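For reference, the structure discussed in these notes is given below.
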Amino acid sequence: MRVTVFTEPHRGATYDDQLRFARAAEAGGFEGFLRADHYQFLGADPGLPGPTDAWLTLAALARETTRIRLGTLVTSATFRLPGPLAVMVAQVDQMSGGRVELGIGAGWYEREHTSYGIPFPGVGERFDRLAEQLEVITGLWRTPVGETYSFTGEHYRLVDAPALPKPVQRPGPPVIVGGRGPKRTPELAARYADEFNLPFKSVAETAAAYERVVEACDRHGRPASGRGPLVLSAAIAVAIGRTDAEARLRAAPLHARSALPPEDAVVGSPARLVDRIGEFAAVGATRVHLRLVDLADLDHLELVAAEVLPHLGHVDVPSAESPDAPATGG
């Protein structure tokens, strides 16, 4: 089982907080450090000192870490145009030596769009834009050096783009698509993604989502396609402790009112988290993203590293200097 930590800096974290956490995760043996891409806290708390941009942060972390993989879970397609986003991610991939992953979704939190003047179309158009962004981004990365890329869609038009710079990972950094949508999300994952992720749901709900995605892959002939098998992953909200009281204290933020839908969090002992990860493995997950709420709580991170990771098998992570870093999430 491959294990990353997933963080939400919009709750209130500086760049230095994130650097400290990413370095601790790297030292603890986690495979990756992924962060949300939000410009506003999802509840009443202002999230002081304020938001940090996901890709600016990951670019800096790329130069200050050496092994751990870095990415978003997930970037909102409403925030950035697909051409510039492809350039940004490719550049960060170069800066990291080939350790970047792009999680991308349609966007859903209207309030942060209104607050910062970002257009927020209806859900159908947001998914249409996401589909075109996936086509453009992966198309730019796949275009051979010396050739150009053009695209004409309903929302985006590119004419003779030089399709540069190229990422280190080829044909491009792993793309993560996920969510609870029963129709369009599985189709987009089957067509464009290297990994499908279902966040913070029960094992049964996750298994049902995986079945829908596998069916979509079959419809698109995915096993025989050039993208390779689709990685199935789960995101788990985590609050564990050495005692029940410590676990409950860490779980308190999970009960705060926010715009997030209900979550199936793991609260309790490290053994309970090991068991839950095993249940996800049994329904097909080969990767889990563990959401730890408090970036200042390095003891929580160290507890997972010491009492959970050793029970999940060895994670073999390619060297950051290697140009042969995997081009998929597998």
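Quick note: residue numbers are just sequence positions, from 1. Predicted model, so just to flag it, every value in this text is computed and none were measured.
- Residues Gly103 and Thr72 share a closest heavy-atom pair of O-OG1, 2.9 Å.
- Leu298 and Leu295 fall within the same hydrophobic cluster, defined by Ile, Leu, Val, Met, Phe, Trp and Tyr side-chain heavy atoms under 4.5 Å apart, directly or through other members.
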- side chain to side chain contact (heavy atoms under 4.5 Å, CB included) between Val304 and Phe30, intermediate numbers included: CA-CA 10 Å; Val304 176; Phe30 291 90; 3.7 Å; yes
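- Nearest heavy-atom pair across Ala62 and Ser96 is CB-CB, 3.6 Å.
- The number of heavy-atom neighbours closer than 6.0 Å to CZ of Arg157, taken from other residues, nucleotides and ligands shown, is 12 or below.
- Distance alone, capped at 3.5 Å, is enough to place a donor-acceptor pair between the Glu26 side chain and the Arg67 backbone.
- Annotation: side chain of Leu19 is in contact with side chain of Leu61 (closest heavy-atom distance under 4.5 Å).
- At distances below 3.5 Å, not a single donor-acceptor pair connects side-chain atoms of Arg142 with backbone N or O atoms of Pro171.
- In this structure, the side chain of Lys166 engages the main chain of Thr143 through a donor-acceptor pair within 3.5 Å.
- The closest donor-acceptor contact from the side chain of Arg126 to the backbone of Phe120 lies at 3.5 Å or more, if one exists at all.
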- Given the rule in the salt bridge (charged side-chain N to carboxylate O under 4.0 Å, His left out) test, do Glu195 and Arg69 qualify, once you have shown the distances and angles that lead to the verdict? CA-CA 14 Å; Glu195 176 178 331; Arg69 297 189 65 78; over 6 Å; no
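- Here the rule is side-chain contact (heavy atoms from CB on, under 4.5 Å) with Phe33, and of Ile68, Thr65, Thr4 only Ile68 fits it.
- Rounded to the nearest 0.5 Å, atoms CG (Leu102) and CG (Leu70) are 13.0 Å apart.
- Hydrophobic clustering, with ILVMFWY side chains joined whenever heavy atoms are under 4.5 angstrom apart, groups Val177 together with Val123.
- Once rounded to the nearest 0.5 Å, the distance linking CG of Leu303 with CG of Asp297 reads 9.0 Å.
- Counting only distance, with no hydrogens or angles, the side chain of Glu132 and the backbone of Tyr156 share a donor-acceptor pair below 3.5 Å.
- A distance-only check finds a donor-acceptor pair linking the side chain of Arg111 to the backbone of Gly43 [under 3.5 Å].
- With contacts defined as side-chain heavy-atom distances shorter than 4.5 Å, the pair His300/Val238 qualifies.
- Taking a cutoff of 4.0 Å between a charged side-chain nitrogen and a carboxylate oxygen, Arg170 and Asp93 do not qualify as a salt bridge.
- Between atom OG1 of residue Thr57 and atom CG of residue Asp53 there is a gap of 6.5 Å, rounded to the nearest 0.5 Å.
- Here the side chains of Val293 and Arg250 are not in contact, with every heavy-atom distance at 4.5 Å or above.
- By the 4.5 Å heavy-atom criterion applied to side chains, Trp141 and Val175 are counted as neighbours.
- To the nearest 0.5 Å, atoms CD1 (Ile118) and CZ (Arg80) are separated by 8.5 Å.
- Under a hydrophobic clustering in which Ile, Leu, Val, Met, Phe, Trp and Tyr are joined whenever their side-chain heavy atoms come within less than 4.5 Å, directly or via other members, Ile236 and Val274 fall into the same cluster.
- Salt bridge annotation for Glu187-Arg219: present, with a cationic side-chain nitrogen under 4.0 angstrom from a carboxylate oxygen.
- Closest heavy-atom contact between Gln169 and Gly98: CD-O, 3.4 Å.
- Put simply, the side chain of Glu205 gets close to the backbone of Ser202: a donor and an acceptor are under 3.5 Å apart.
- More than 12 heavy atoms of other shown residues, nucleotides or ligands fall within 6.0 angstrom of atom CG in Asp299.
- Side-chain contact check for Glu101 versus Ile176: some heavy-atom pair is nearer than 4.5 Å.
- A donor-acceptor pair is defined here as one N or O able to donate and one able to accept, closer than 3.5 Å; such a pair exists between the side chain of Arg272 and the backbone of Val267.
- Residues Val266 and Leu312 share a single hydrophobic cluster, defined by chaining ILVMFWY side chains whose heavy atoms lie under 4.5 Å apart.
- Closest non-hydrogen pair, Ala239 versus Ala247, comes out as O-CB, 3.7 Å.
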- Item | Stepwise side chain to side chain contact (heavy atoms under 4.5 Å, CB included) test for Leu134 and Leu188 | CA-CA 8 Å; Leu134 286 163; Leu188 292 174; 4.2 Å; yes
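- With rounding to the nearest 0.5 angstrom, the CG atom of Asp294 is 11.0 Å from the CG atom of Leu301.
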- Message: side chain to side chain contact (heavy atoms under 4.5 Å, CB included), that's the test. Do Ile104 and Leu130 meet it? Break it down for me.
- Response: CA-CA 8 Å; Ile104 186 168; Leu130 172 62; 3.8 Å; yes
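- By the rule that hydrophobic residues join a cluster once side-chain heavy atoms approach within less than 4.5 Å of another member, Phe196 and Val214 end up as members of separate clusters.
- You'll find the side chain of Phe127 stays beyond 4.5 Å of the side chain of Lys183, heavy atoms only.
- Using a 4.5 Å cut-off on side-chain heavy atoms (C-beta onward), Val308 and Ile240 make contact.
- The two residues Ala305 and Pro310 come nearest to each other via the heavy atoms O-CD, 3.3 Å.
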Which side-chain N or O atoms in residues 275-284 pair as donor and acceptor under 3.5 Å with protein atoms at least two apart or in another chain?
unit_1	atom_1	unit_2	atom_2	d
Arg276	NH1	Asp264	OD2	3.3

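- Within 6.0 Å of CD in Glu125 there are more than 12 heavy atoms belonging to other residues, nucleotides or ligands.
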- So Glu64 and Tyr15, side chain to side chain contact (heavy atoms under 4.5 Å, CB included) or not? Walk me through it. CA-CA 12 Å; Glu64 299 195 76; Tyr15 169 73; 2.4 Å; yes
- Message: Before you tell me yes or no, could you show the steps for Ser233 and Asn197 under side chain to side chain donor-acceptor pair (under 3.5 Å), namely the whole-Å CA-CA distance, both residues' side-chain angles and the distance that decides it to 0.1 Å?
- Response: CA-CA 5 Å; Ser233 70; Asn197 175 260; 2.9 Å; yes
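- Distance check: His38 NE2 to Glu112 CD gives 5.5 Å after rounding to the nearest 0.5 Å.
- The shortest non-hydrogen separation linking Gln18 to Pro9 is OE1-CG, 3.2 Å.
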- Task: With side chain to side chain donor-acceptor pair (under 3.5 Å) as the test, would you mind laying out the steps for Glu246 and Thr243 before giving the verdict?
- Result: CA-CA 5 Å; Glu246 186 177 69; Thr243 65; 5.1 Å; no
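- Pairs engaging residues 48-92 under the ring-ring contact (aromatic ring centres under 6.0 Å, His included) rule: Tyr39-Phe79, Phe79-His113 [sequence neighbours left out].
- Residues Val3 and Glu31 have side chains not in contact (no heavy-atom distance under 4.5 Å, counting atoms from C-beta outward).
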- Message: Checking His155 against Gln133 for the side chain to side chain donor-acceptor pair (under 3.5 Å) test, could you report, in this order, the C-alpha distance in whole Å, the side-chain angles of both residues, the deciding distance, and whether it holds?
- Response: CA-CA 9 Å; His155 302 286; Gln133 289 218 358; over 6 Å; no
